[in-house]
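Below is one structure; the comments refer to it alone.
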Amino acid sequence: MNAHSVGTGGAPGVPGVPRAKHKAPAHGQAHAPSHGPASDRASAQDLTRGSARAGAGTRDPAAPAPGGRDRYLDLLRAVALVRVVVFHVFGWAWLTILFPSMGVMFALAGSLMARSLSQRPPWSVIRGRLRRLLPPVWAFALVVVPLMFVVGWRPAREEGLWWFLRLANYIVPFGAPPYPYENGSPSGLLEETWAEQAAGPLWYIRAYLWFVLASPLLLWAFRKVPWATLLLPVALTAVLGSGLVEIPGETGEALSDFAVYGACWVLGFAHNDGAFRKVPRYITVSLAAFTMAFALWWASGHLTDEGWNLDEIPLAQAMWSLGFCAILLQYSPSWRELPGRLGQFDTVITLANNRAVTIYLWHNLLIMATVPLIDQLWSIPGIDAYSAELDSAYSALMLVLVWPLIALMILAIGWVEDVAAKRAPRLWPNGAKEARERAARV
């Protein structure tokens with residue numbers, strides 16, 4: 001039995017793993033570090049919500065004190081990362097409606113960015129974000145890019161010197177990094193689209209970088225003309241997503257990503273500045289419901305071959321994510337500790353936030369790594385009698401197996417996130433040690 005034929009959707013050869021977003025990756029996808037996605041899909045290590053009044057740069061006294069973590073936001077990021085992994089295993093389009101992970105992660109990152117810009121000079125904030133984001137990307141590239149060459153990638157023959165310039169996107173991802181669309185190994189251990197799948201999450205890193213660089217100007221504009229700043233990305237998405245204007249190539253892809261999630265990023269500014277506390281909840285929920293209803297209406301008339309996958313319908317994705325995130329942030333309870341039964345997931349949520357970039361960058365590649373491992377089941381004598389059951393359970397087996405692989409990757413390379421943040425390297429930063437120390441002091 002060749003397990004490569006099993007799966008619910010996505011790229012050929014890898015069950016449920018959508019194609020990478022050079023053309024149109026699975027946003028939500030890891031479309032993480034959240035950071036990240038994770039991630040932000042990408043700088044989840046310093047999650048705190050010290051709120052600043054618009055234009056004043058002072059902390060809102062109702063917000064958590066500086067240095068504390070907002071566990072509600074931590075929870076949202078962890079859920080977003082899990083949803084990304086599940087989506088990339090099963091390829092269920094309805095997951096993009098149930099929980100728009102990428103919009104949520106960009107909204108959380110926008111809130112963090114506004115908090116930092118309210119406390120430190122813009123260049124210091126930008127430099128800090130780049131310092132924390134890029135080393136994990138470099139570690140990823142140091143493994144993936146040489147592997148592409150080992151299995152036969154020879155781009156210089158086709159693209160010449162231009163390829164070397166594009167390769168710089170693995171160092172500072174302003175654009176889409178190059179990769180071979182077909183790069184399988186003769187043994188079959190690496191199927192032909194593995195490189196495309198592995199590079200898929202890098203679209204998020206590019207979009208996050210663009211938002212970081214644009215944030216000083218965006219935050220200034222938001223505090224001057226908030227509604228115009230919030231709605232401008234939506235209008236740009238409408239122009240690009242409706243086909244009124246088409247910008248080809250990587251520039252078009254990058255601009256589309258920036259527009260689709262720009263409103264979510266600006267919502268993060270509003271969350272940090274305490275704007276949601278000034279608006280009655282029924283108004284926020286009513287406007288959000290109208291926005292989300294429009295998103296579903298628009299999607300119904302623009303379905304692709306992936307059905308209701310909003311990642312492939314830019315305007316629907318933008319409007320749905322905007323409404324969804326507005327409701328989440330309007331009801332933001334700013335927990336210092338996870339309440340009730342959620343407390344039993346405290347260490348898992350802490351680990352996910354401290355290693356959001358690692359989880360997001362590597363999860364696609366690790367999902368593909370489950371395929372040759374599961375294929376070993378067919379070497380067991382007499383297993384053919386259960387072939388139908390294994391076929392039906394294949395994606396579930398992938399989901400079960402990918403988490404131990406992610407855990408191994410966290411142990412092997414996650415410490416790079418600590419080094420990037422100028423912290424002592426930690427193998428398993430799930431907060432358990434800190435919790436024990438706090439309990440001992442009490």
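From a predicted model like this one, the values you see are computed outputs, not experimental measurements.
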(message) Please report the interatomic distance CG(Leu390) to CH2(Trp378), rounded to the nearest 0.5 Å.
(response) 4.5 Å
(request) Hey, could you give me the CG/CZ distance between Leu134 and Arg129, rounded to the nearest 0.5 Å? (result) 13.0 Å
(message) I'd like to know whether Asp375 forms a side-chain hydrogen bond (donor to acceptor under 3.5 Å, both in side chains) with Tyr394, so could you lay out the CA-CA distance, the side-chain angles of the two residues, the decisive distance to 0.1 Å, and finally the verdict.
(response) CA-CA 10 Å; Asp375 281 353; Tyr394 202 97; 2.9 Å; yes
(request) Answer with yes or no whether the side chains of Gln317 and Asp311 bring together a donor and an acceptor at under 3.5 Å. (result) yes
(request) Would you please indicate yes or no on a ring centroid separation below 6.0 angstrom for Phe211 and Tyr261? (result) no
(request) Determine, using ring centers only, whether Phe99 and Phe324 are less than 6.0 Å apart. (result) yes
Looking only at heavy atoms, which two atoms of [X] and [Y] are closest? And how far apart?
X	Y	answer
Asn169	Gly175	OD1-N, 2.8 Å
Ala107	Cys325	CB-SG, 4.1 Å
Gly323	Ala288	O-CB, 3.4 Å
Ala316	Leu310	CB-CD2, 4.0 Å

(message) Taking ring pair (Phe, Tyr, Trp, His ring centres under 6.0 Å) as the definition, give me every residue that meets it alongside Trp297, ordered by chain and number, with sequence neighbours left out.
(response) Phe294
(message) Under the rule for ring pair (Phe, Tyr, Trp, His ring centres under 6.0 Å), what residues qualify as partners of Tyr170, not counting sequence neighbours?
(response) none
(message) Quick one: does any side-chain atom of Ser101 pair with a main-chain N or O of Ala80 as donor and acceptor, under 3.5 Å?
(response) yes
(request) Look only at the side chain of Trp210 and the backbone of Ala254, and say whether a donor-acceptor pair between them is shorter than 3.5 Å. (result) no
(request) Could you walk me through whether Ser118 and Arg223 pass the side-chain contact (heavy atoms from CB on, under 4.5 Å) test, one step at a time? (result) CA-CA 12 Å; Ser118 297; Arg223 289 173 172 171; 2.9 Å; yes
(request) Only one of Asp346, Val79, Ile349, Leu108 passes side-chain contact (heavy atoms from CB on, under 4.5 Å) with Asp74; say which it is. (result) Ile349
(request) I would like to know whether Thr291 and Trp320 meet side-chain hydrogen bond (donor to acceptor under 3.5 Å, both in side chains); could you show each step before the answer? (result) CA-CA 7 Å; Thr291 299; Trp320 183 263; over 6 Å; no
(request) Please report the C-alpha distance between Arg77 and Asn353 in whole Å, then the side-chain angles of each, then the deciding distance to 0.1 Å, and finally whether the side-chain hydrogen bond (donor to acceptor under 3.5 Å, both in side chains) criterion is met. (result) CA-CA 7 Å; Arg77 179 173 288 108; Asn353 277 267; 3.0 Å; yes
(request) Please test Glu182 against Thr193 for side-chain hydrogen bond (donor to acceptor under 3.5 Å, both in side chains), starting from the C-alpha separation and ending with a verdict. (result) CA-CA 5 Å; Glu182 295 184 359; Thr193 65; over 6 Å; no
(message) Between the side chains of Arg355 and Asp418, is the shortest nitrogen-to-carboxylate-oxygen separation below 4.0 Å, so that they form an ion pair?
(response) yes
(request) Establish, yes or no, whether the cationic atom of Arg83 lies under 6.0 Å from the six-membered ring centre of Phe87 and within 45° of the ring axis. (result) yes
(message) side-chain contact (heavy atoms from CB on, under 4.5 Å), that's the test. Do Val416 and Thr358 meet it? Break it down for me.
(response) CA-CA 9 Å; Val416 174; Thr358 300; over 6 Å; no
